[in-house]
Protein chains: 2
Amino acid sequence: MRLGPGKIAPLPRGQSALVHIVSGAAKLVAHAAAEREQVTAFNFSGDLVMVPGSGPHAYVLHTLIECELTVFPYKALRGAVADDPAILARLLDNCDAALSRCREKALMIGRKTASERMAGFLVMMAARIGEPRGDAVLLDLPMSRRDIGDSLGLTIETISRQFSLLREARQIATEGRSKVVLLDFSGLQERAGHLAELGPAFSSKFALDQC
Amino acid sequence: MRLGPGKIAPLPRGQSALVHIVSGAAKLVAHAAAEREQVTAFNFSGDLVMVPGSGPHAYVLHTLIECELTVFPYKALRGAVADDPAILARLLDNCDAALSRCREKALMIGRKTASERMAGFLVMMAARIGEPRGDAVLLDLPMSRRDIGDSLGLTIETISRQFSLLREARQIATEGRSKVVLLDFSGLQERAGHLAELGPAFSSKFALDQC
DNA sequence: CGTGTTATTGAGTTGTATCAATCCCAGTGG
DNA sequence: CCACTGGGATTGATACAACTCAATAACACG
C-alpha cells in the first residue's frame, strides 16, 4: 500500500492491526476528544506498529510523508504464527522495546517540564533519524510543531517558545521549518534529565513503534 | 520471595527482570529525579511485571502491602524459552496488553484534566480490583494519595481535592483512607472521557503490568 | 510574486503546583 | 478500653508554568 503525505492509513475496523512501515514516516494518534489528540508514537521506515482496534479511545495511523505500508490484521497474524518461535520472539522483542519507550514517554509527560520534554524529544529523535555532522547532529523532522506538541502533551506555542529558548542557549540551530542542528548533544541530554545513554530499545532496530 | 509492605524488591542490578506477583500488590516506579517519581504501573496478585534494568531512567518495584514474588532474570528466561512457542505467545500477549495500557496512560497524562484522570484511574482500578455491590462498586485501594498522584502526574493535594469534588458530586463515597465506593460508575466513565468500555487488556487476566 | 498555511511572538488567563496549617485516622502503649 | 502520637489526608492562600487568544512573520507552493 502506498499513501501520500497527511493521509489516514485505511485499516480493518474494530480489530487491531500490525503495520510494517516499508518506507516513509507516520504518527500513531489517539483521540481523547474533539481537538484533543495524543501522538502515541512516531514511526519511520522499517518499524512495526501495533494499532489497537478497541479500547477506551480510538487510534489512527497518519502518514507524515509519502509512505509504503504493509498491513496485517493482528489477530489473524497472531494465530498463524502461534507455533513459530522465531517470529513470536521477534514480535515479543519489538513489543518489549515499544513498552520501554512508552513508559519513558509516560514519565516524560507526567513528571517533566516543557524544557525537559523538548530536550528529551530531540535526543530521542537523534537516536532515530539523526545524522552525525562532526560534533553536531543533523535532524530533518517530518512532523509539524503541532505533532510534536501532541506527542509531548504541550501546545504548539509552547513548542515554538522552547525552540526559541534552545536557539538562544546555542544548543540548537534551525534551518527552515523542519531542519534542526543539535549543536550541544550532551547539553541536551543533561537538560532532558537522563541518567544514562539511550539503550537499544530506543534505536531504530527492532522498533515496534516509537515514542 | 516474601516481602513486607513498603519494601523495595531486590532485583539483579543492571539487567531487566520479570517478576511474578504471586500475592499482594506493588507499584513499578520510575525515578525522574530527586523528589520526582512516576508510578509506571500498579500490580496485583497474578500479574507479570517487566522491570527494565537499563535505560534513560531507573526503575524500582515497591511493595504496597505484603507480597509473595517470583523473580526471573529476563535475559536468561528469554533465552531459555526461545524455542517454546506457547510461553513466547503468552509473554507476547502480556506485553501487548501492557503496551495498550501504557499508551492509554500516556494519553491520560498528556491530554486530560485532573478530574478526567482521577475518574479514569477509578474506572481502571474498578476493572482490576473492584467488587460489585449492587449498582455500586467497592474499592479497597492499597496505594496512598501520593502513589496515585505519582501515577497520574499530579500532586497529593490535587488528588485530595479531586476526591472531595467527587464526593460532593455524589459519584463516590469514602470510608477511612483506603476504601472508596463508586456510586455512579457510568458517570465516572463519562467524566473520564472514555469512548467505550475497557477491553480485555485492562482486566486482571494476562496482565504484564497495570497502568 | 501572491497566497494560504505554519510558526513565532506577545499579552493576559487559568489549572495545577507549592507552601502552610490543621485535621484525621491507625497504631501503640498505658 | 482509651489517650497518645505520628504520618497521611484535607483544606486554604498564593505562585507560576503552560494555556489561550491574538497579531505578526516566515515559509512553501503554485
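Reckoned from all heavy atoms, side chains included, excluding hydrogens, waters and symmetry mates. The chains referred to below are lettered A, B, ... by the order of the sequence lines, with proteins before strands, and numbering in each begins at 1. None of these values were measured; they are calculated from a predicted model.
Rounded to whole Å, the distance from CG on A:Asp150 to C1' on C:dA7 is 15 Å. The separation between B:Ile159 atom CD1 and C:dG15 atom P is 17 Å, rounded to whole Å. Atom CZ in B:Arg145 sits roughly 11 Å away from atom P in C:dA26 (whole-Å rounding). For the pair A:Leu166 CG and C:dT9 P, the computed distance is 13 Å after rounding to whole Å. Here the P atom of nucleotide C:dT8 and the CD atom of A:Glu168 are 12 Å apart, to the nearest Å. B:Leu152 has its CG atom 12 Å from the P atom of C:dT16, to the nearest Å. For the pair B:Ile156 CD1 and C:dA20 C1', the interatomic distance rounds to 12 Å; values are reported in whole Å. In this structure, B:Arg36 atom CZ and C:dT18 atom P are separated by 9 Å, rounded to whole Å.
Each of B:Met143 and A:Arg117 has a nearest nucleotide on DNA chain D; the 5'-most of these lies closest to B:Met143. Comparing A:Phe163 and A:Arg111, the nucleotide of DNA chain C nearest to each residue sits closer to the 5' end for A:Phe163. For the pair A:Ser178 and A:Thr113, nearest-nucleotide mapping onto DNA chain D gives the more 5' position to A:Thr113.
Relative to the side chain of B:Arg177, the nucleotides C:dG10, C:dA26, C:dA20 differ in distance, and C:dA26 lies closest.
Using a 4.5 Å heavy-atom threshold, the side chains of B:Ser151 and B:Lys105 count as touching. Looking only at side-chain heavy atoms (C-beta outward), A:Met125 and A:Met143 come within less than 4.5 Å of each other.
A:Leu154 comes within 4.0 angstrom of sugar-phosphate atoms only, judged by non-hydrogen atoms across all strands, and of no base. Within 4.0 Å (heavy atoms only), A:Ser144 reaches sugar-phosphate atoms of the nucleic acid but no base atom. B:Gly153 comes within 4.0 angstrom of the backbone, heavy atoms only, and of no base. Residue contacts shown for B:Arg167 are limited to sugar-phosphate atoms, with no base heavy atom under 4.0 Å away.
For B:Glu68, the CD atom counts as densely surrounded, since its 6.0 Å shell holds more than 12 non-hydrogen atoms of other residues, nucleotides or ligands.
Residue B:Thr158 places at least one side-chain N or O under 4.0 Å from the OP1 or OP2 atom of C:dA17. At the phosphate of C:dA7, neither OP1 nor OP2 sits under 4.0 Å from any side-chain N or O atom of A:Arg161. Neither OP1 nor OP2 of C:dT9 sits under 4.0 Å from any side-chain N or O of A:Ser160.
Here the CG-CZ distance, from A:Leu154 to A:Phe121, works out to 11.0 Å after rounding to the nearest 0.5 Å. One distance of note links CE of A:Met118 with CG of A:Leu166; it measures 6.5 Å at 0.5 Å rounding.
Distance alone, capped at 3.5 Å, places no donor-acceptor pair between the B:Lys112 side chain and the B:Leu107 backbone.
Checked options A:Leu69, A:Leu18, A:Val19; the residue passing with A:Leu11 is A:Val19 (criterion: side-chain contact (heavy atoms from CB on, under 4.5 Å)).
Between B:Arg111 and A:Glu37, no side-chain nitrogen of the basic residue sits less than 4.0 Å from a carboxylate oxygen of the acidic one, so the salt-bridge criterion is not met.
With a cutoff of under 4.0 Å to any heavy atom of chain B, the contacted region of DNA chain D is bounded 5' to 3' by D:dG7 to D:dA13.
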